[in-house]
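Each remark here refers to the structure printed beneath this line.
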Amino acid sequence: MATKADVRLPRARRLLNQHDFRAVYQRGQRAGGQWLTVVALRRRPRAGEAAPTESRLGVSVSKDHGGAVRRNKLKRLLREAFRLERHLLPAGVDVVLIPRQRPENFPLAELRAEVARLVPKALQGGERRRPRP
RNA sequence: CUUGGUCCCUGGACGGCCGCCGGCGGCUUCGGCCGCGGGAGGAAAGUCCGGGCUCCACAGGGCAAGGUGGUGGGCAACGCCCACCGUCCGUGAGGACAGGGAAAGUGCCACAGAGAUCAGACCGCCGGACGGCCUGCGCAAGCGGGCGACGGCAAGGGUGAAACGGUGAGGUAAGAGCUCACCGCGCCCCGGGCGACCGGGGCGGCACGGCAAACCCCACCUGGAGGAAGACCGAAUAGGAGGAUCGCGCGGCCCGCGCUGUGGUCCUCGGGUAGGUCGUUGGAGGCCGUCCGCGAGGGCGGUCCUAGAGAAAUGGCCGUCACCGCCGACGAGGCGGCACCAGAACCCGGCUUACGGGGACCAAGCUUU
RNA sequence: UGCCCCGUGGUGUAACGGUAGCACAACAGGUUCUGGUCCUGUUUGUCAAGGUUCAAAUCCUUGCGGGGUAA
């Protein structure tokens, strides 16, 4: 491969407002693993775009996971897992990662494996869900 | 050495690769790219106080409500800090204290107990003029004992958290500040201290229980809300006000009037939702030196710039060293860990709570010289 | 992030500063052939730590936990 894989994760590749999150939750599809739940939505091409390019990430960590230090750590791990796996995933997908509640620390290798496995599974309609009201 | 007390410091170091956020500079096809340097804490926490800042309210004063409460000082201010005083705790180093007023008033003090604040008399102690009853000795006069009523007393017993001050002596029928000494208490005087208070002397002769984190009184302080404060810009859609023009109706025409859920088109205006910009990072700032001060702290000089997000930036992988644990002899070496409490959201000063490590000084006990 | 409120057995609630009650639940016994109903009895509590007071669920301070509210 001539060019190195793009492993950067700037703000443009993040879900940042309520509008985007609501779209993924309402029309996306879910897949669950033992470390996290994935909600994925194949984004429609914007006007002027031939095909959607960048896949984007959203993270949702509830207060049940503990104090601010532990929650921040979790978000960083989830971002890192997505950052390193993104170029192997289908393009043009909005993904929300929701960690499960577990008492022990989350290993990065496990998170990377589940992201790589669950995102395609969700896109194939593994666990289709009715849109929420 | 052990146990304990006080005060202070600290919260790994260096480097490589891949990323994140914002700053400056350059380039740009305006999407972004490149370079340089910056990027969590001592508690960032709890939100318990005090300020700055913003908006609202406000002539002045009083009342209400809330807070603080030894004295002097520090501070922008404080309920914080320092020094000192008093009381209590500790063998001690030291520690704790909302620590003004209970002779301005109101209220409360359960249970127990005779009596709980205008104190009180159950058991008891004592007295003798009375004379009631019973009774011993005696021939009798009379002498005596017990009970009752009457009177004196509050020492002792007992209750209680607390009983019109404590201990001792004198005194007395028994007693009692009744008297005396000491202590306590109150008042006055003298001396020391800016003061809280301290020391000494005299007098009084006990009168003054506790609770004000009960109401309250006194002194001092406080307007309310909070950065999601607040200021500005502002789509789409819906709706409002004004104007121009066109159409229709009344009318012969102009002017004018009308369009009954107030006609069409265009323009202007203000309000305002989504969203955005500012507020928003340099300050009662840190460090060093020096002077003043017991100290908290202050003056002067020099020097440094130190996060700024908005579904919310500090992460991942790796190496060397330091540190800790285990196996080796605490050595070489090997293996493992790299912590704990915890994450800035307007900013400061404190307090409180959580937590890893280290140092200095001091006390008591033991041991050695 | 700011502001506000609350805390009593397993649950819902009472208690001028003076014995922590009440109802349901739970458990045991009785009644019954068995279960239910009913009767009798028992267990379990002041969120924690300090302070004030003779005495604290109550008053004060600090902490902990839970809830509400402001786009």
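Since the model is a prediction, treat every value here as computed from it, not as a measurement. A note on names: the letters A, B, ... follow the listed sequences, proteins ahead of strands, and every chain is numbered from 1.
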Measure the shortest side-chain to side-chain distance between [X] and [Y] over non-hydrogen atoms and say whether it is less than 4.5 angstrom.
| X | Y | result |
| --- | --- | --- |
| L123(A) | P90(A) | yes |
| L89(A) | V115(A) | yes |
| V38(A) | R30(A) | no |
| V95(A) | S55(A) | no |
| L41(A) | V39(A) | no |
| D94(A) | V96(A) | no |

Using atom [atom1] in both nucleotides, what's the gap between [N] and [M] to the nearest angstrom?
| N | M | atom1 | value |
| --- | --- | --- | --- |
| U280(B) | C346(B) | C1' | 7 Å |
| U314(B) | G302(B) | C1' | 34 Å |
| G331(B) | C326(B) | P | 13 Å |
| A214(B) | U179(B) | P | 42 Å |
| C75(B) | G350(B) | C1' | 11 Å |
| G297(B) | A83(B) | C1' | 12 Å |
| A213(B) | G201(B) | P | 38 Å |
| A25(C) | G36(C) | P | 12 Å |

Rounded to whole angstroms, how far apart are [atom1] on [X] and [atom2] on [N]?
| X | N | atom1 | atom2 | value |
| --- | --- | --- | --- | --- |
| R8(A) | C21(B) | CZ | P | 11 Å |
| L84(A) | C318(B) | CG | C1' | 15 Å |
| L78(A) | G316(B) | CG | C1' | 13 Å |
| L9(A) | G32(B) | CG | P | 14 Å |
| R86(A) | G316(B) | CZ | C1' | 17 Å |
| L74(A) | G316(B) | CG | C1' | 15 Å |
| E80(A) | C17(B) | CD | C1' | 12 Å |
| R79(A) | U314(B) | CZ | C1' | 10 Å |

key: All side chain to side chain contact (heavy atoms under 4.5 Å, CB included) counterparts of E114(A), not counting sequence neighbours   =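 For E114(A) the side chain to side chain contact (heavy atoms under 4.5 Å, CB included) partners, ignoring immediate neighbours, are Q34(A), W35(A), L36(A), R117(A), L118(A).
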
query = Excluding sequence neighbours, so at least two apart, what forms side chain to side chain contact (heavy atoms under 4.5 Å, CB included) with L88(A)?
reply =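 Here the qualifying residues are E85(A).
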
If anything within 90° of 0 is syn and all else is anti, what is [N]?
| N | answer |
| --- | --- |
| G31(B) | syn |
| C366(B) | anti |
| G50(C) | anti |
| U306(B) | syn |
| G45(C) | anti |

query = What residues, two or more places apart in sequence or in another chain, satisfy salt bridge (Lys or Arg N to Asp or Glu O under 4.0 Å) together with R13(A)?
reply =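 Applying salt bridge (Lys or Arg N to Asp or Glu O under 4.0 Å) to R13(A) gives D6(A), E54(A).
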
query = With R79(A), which residues qualify under salt bridge (Lys or Arg N to Asp or Glu O under 4.0 Å), at least two apart?
reply =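 Applying salt bridge (Lys or Arg N to Asp or Glu O under 4.0 Å) to R79(A) gives none.
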
My understanding is that a pair needs two contacts under 3.5 Å, Watson-Crick or G-U wobble. By that rule, which nucleotide pairs with [N]?
| N | value |
| --- | --- |
| C346(B) | G52(B) |
| A65(B) | U222(B) |
| U268(B) | A241(B) |
| A140(B) | none |
| G41(B) | C341(B) |
| A322(B) | none |
| U290(B) | G299(B) |
| C361(B) | G5(B) |

key: Any pair counted as salt bridge (Lys or Arg N to Asp or Glu O under 4.0 Å), so long as it reaches residues 66-77 of chain A, sequence neighbours left out   =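 Sorted result for residues 66-77 of chain A: empty, none.
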
Could you list, one pair per line, each protein nitrogen or oxygen that sits under 3.5 Å from a nitrogen or oxygen of nucleotides 341-346 of chain B, together with the distance?
from: G343(B); atom 1: O6; to: R76(A); atom 2: NH1; distance (Å): 3.0

query = Near RNA chain B, which residues from residues 108-116 of chain A have a heavy atom under 4.0 Å away?
reply =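 Correct list: L108(A).
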
query = Of all heavy-atom pairs between S60(A) and P99(A), which one has the smallest distance, and what is that distance?
reply = O-CD, 3.3 Å

key: Minimal non-hydrogen separation, L78(A) against L97(A), with atom names   =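 Closest approach of L78(A) to L97(A): O-CD1, 4.0 Å.
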
query = Which comes earlier along RNA chain B counting from the 5' end, the contact point of L77(A) or that of G58(A), where each point is its nearest nucleotide?
reply = G58(A)

Per R83(A) side chain, nearest of listed nucleotides G316(B), A312(B), G19(B) = G19(B)

Between protein and nucleic acid, restricted to nucleotides 308-310 of chain B and to nitrogen or oxygen atoms under 3.5 Å apart, what atom pairs and distances do you find?
from: G310(B); atom 1: OP1; to: R11(A); atom 2: NE; distance (Å): 3.4
from: G310(B); atom 1: OP1; to: R11(A); atom 2: NH1; distance (Å): 3.2

Euclidean distance, [Y] [atom2] relative to [X] [atom1], rounded to 0.5 Å:
| X | Y | atom1 | atom2 | answer |
| --- | --- | --- | --- | --- |
| F106(A) | L74(A) | CZ | CG | 5.0 Å |
| R56(A) | R86(A) | CZ | CZ | 12.5 Å |
| L84(A) | L9(A) | CG | CG | 9.5 Å |

remark   = Note on RNA chain C: ranges paired as stems (three or more Watson-Crick/G-U pairs in a row, both atom distances under 3.5 Å) are C:1-7 with C:64-70, C:10-13 with C:21-24, C:26-30 with C:38-42, C:47-51 with C:59-63

message = Keeping R83(A) on the side-chain end and V7(A) on the backbone end, is there a donor-acceptor pair under 3.5 Å?
response =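 Yes, because the side chain of R83(A) sits within donor-acceptor range (under 3.5 Å) of the backbone of V7(A).
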
